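Just so we're clear, the structure is a prediction, and the values are computed from it rather than from any experiment. Indexing begins at 1, ligand by ligand and atom by atom, following the structure's order.
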Amino acid sequence: MLREWRSELNRLLTIIVCSAVLGLLFGKMTLLVLIGVLAYLGQILFQLYRLNRWLEDLPQSGQEDPPEATGIWGWIFDGIYRLQRQERQAVNHLKSILDKAQESSAALEMAVVMINHRGNLEWWNKAAETLLGFRTEQDKQQGVTNLLREPRFFEYFESKNYTEPLRVQSPIKKDLILEFQITLFGEGERLMLVRDVSQMHRLESMRKDFVGNVSHELRTPITVINGYLETLLDHKDSVAPRWIKPIEQMHQQSQRMESIVRDLLTLSRLETKSLPKEQDRIDSSALMREIKGEAQQVFANKEHSFELHDTPGVFIRGSLSELYSAISNLLFNAAKYTPNKGKLIFTSRIVEDGFEIEVQDNGVGIAEQHIPRLTERFYRVDESRSTDTGGTGLGLAIVKHVLARHGANLVIKSELGKGSQFICHFPKERLTEAPSTAKKQMMGA
Ligand code: ADP
């Protein structure tokens, strides 16, 4: 580049010197130097004009090659041409990536929808048209909640909390069940993935129905067997002594079966029926007092010390019977899995984002690797220990379901040999005003 500039400066100097010499010969030095400089300027203007024409005509003519020029102008033209080519290559590269992304998402069976920060549709693939009924021309820039009017979708979309996917019916085919998963990105933009889960949904309902039906069908035979065994045990005198032990064992096992069937029925009801619209306003303190009283009675022989630190005046909206059974399950477990004369602390507290009820014990504790699996059905840390305590392995699964129905979650902390903490975390939205009839409701618990 330096070479070009040097030769350009040389050119200007040569023009000035030549015109000065000619000027000296003719006695008109200033005039001729002026003419020389003007000629140089004219040449610069001409090159600028060519450059301007080339850049302007480029989009129409498509003629890519720059105008012919030598020296610094040739270097400038070539430089601009090189930059243009690089830019074009970059644009083509991006375009091909975009085309590939669009082609592959168009081929997906899953609907992909891009939504801008105002909640309007920006782009969607072919599957979005079949699953959601979007139409290419008419629906562009429409608000997504104008097109998907299901109230549960509206609530989910506006909540901006997309940790769990949402399942609803398709707006165009009622027999399709769709699962929506939204991801926030950029400046308030959203990417929505929608897949058809009808088949999975049907299988799940079949499984739920099957478990529900089997448990229901088993209830009567087990009750009958249990009844006869109890009668036999009530009349031990008329039973041959060698049969007494087997009958006692049969009775114990049939009672276990009864508990399992009862818990399975509870789980199946929790899975198939949603919380009723009309919900109780539950006085958390009264609920905790009542549960503590019952646990103290049931586990009187274990001589545990029960401490209660409740927070008066906090009311939870939900199902009293369900929350009673879930929270009492936690306190009963704490009492069951703590050796005699243990210390059980039952606490509630208001926290920044809601309300917590905690059950703490200084019992056997749970090893870290078991904690994430505790709420699975029939998961037991130690089979023999649970059988001794008469557990079904379904208690914590029920607790998790009940809490989820109340928008709450269960946090488990434990250390082997030191004890455990089970914390039910209720979101702020679950708390409610005190009802005038709160006391009466509690009495009906
Ligand atoms: P189970 O009917 O067997 O008690 P749960 O679902 O209630 O079933 O509990 C699952 C397992 O979690 C239990 O088998 C037990 O090993 C463990 N567990 C539950 N609560 C406690 C606790 N407070 N301390 C120690 N282990 C516990």
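Near Ala334, the atoms of ligand 1 lying under 4.0 angstrom from a non-hydrogen atom of the residue are 23 (N). For ligand 1 and Gly393, the ligand atoms under 4.0 Å from any heavy atom of the residue are 1 (P), 2 (O), 3 (O), 6 (O), 8 (O). Shown in contact with Arg380 at under 4.0 Å from a heavy atom are these atoms of ligand 1, numbered in order with element: 3 (O), 14 (O). Heavy-atom proximity to Gly395, at under 4.0 Å, picks out these atoms of ligand 1: 5 (P), 6 (O), 7 (O). Those atoms of ligand 1 that come under 4.0 Å of a heavy atom in Lys336, given as number and element, are 4 (O).
Only the side chain of Asp361 comes within 4.0 Å of ligand 1, counting heavy atoms alone; its backbone N, CA, C and O stay farther away. Under 4.0 Å from ligand 1, the heavy atoms of Ile366 that appear belong solely to its side chain.
Using a 3.5 Å distance cut-off with no hydrogens or angles, the side chains of Thr392 and Asp263 do pair a donor with an acceptor.
Under 4.0 Å is where a charged nitrogen must lie from a carboxylate oxygen, and between Glu322 and Arg405 at least one such pair does. Ion pairing between a basic and an acidic side chain is recognised when a charged N comes within 4.0 Å of a carboxylate O; Arg152 and Glu155 show no such pairing. Of the charged side-chain nitrogens involved, at least one lies within less than 4.0 Å of a carboxylate oxygen, so that Arg195 and Glu179 count as a salt-bridged pair. Between Lys428 and Glu352 no salt bridge is recorded (no basic side-chain N to carboxylate O distance below 4.0 Å).
Considering backbone and side-chain N/O atoms, Leu374 never comes within less than 3.5 Å of an N/O atom of ligand 1. For ligand 1, none of its N or O atoms has an N or O atom of Asn329 under 3.5 Å away. Ligand 1 has a nitrogen or oxygen under 3.5 angstrom from a nitrogen or oxygen of Tyr337.
To the nearest 0.5 angstrom, Leu265 atom CG is 11.0 Å from Leu394 atom CG.
Side-chain rings of Phe306 and Phe299 stay apart, their centers remaining 6.0 Å or farther from each other.
By the 6.0 Å and 45° rule, Arg190 does not stack over the aromatic ring of Tyr162.
Selection from Phe378, Phe332, Tyr379, Phe422 by nearest heavy atom to atom 11 (C) of ligand 1 gives Tyr379.
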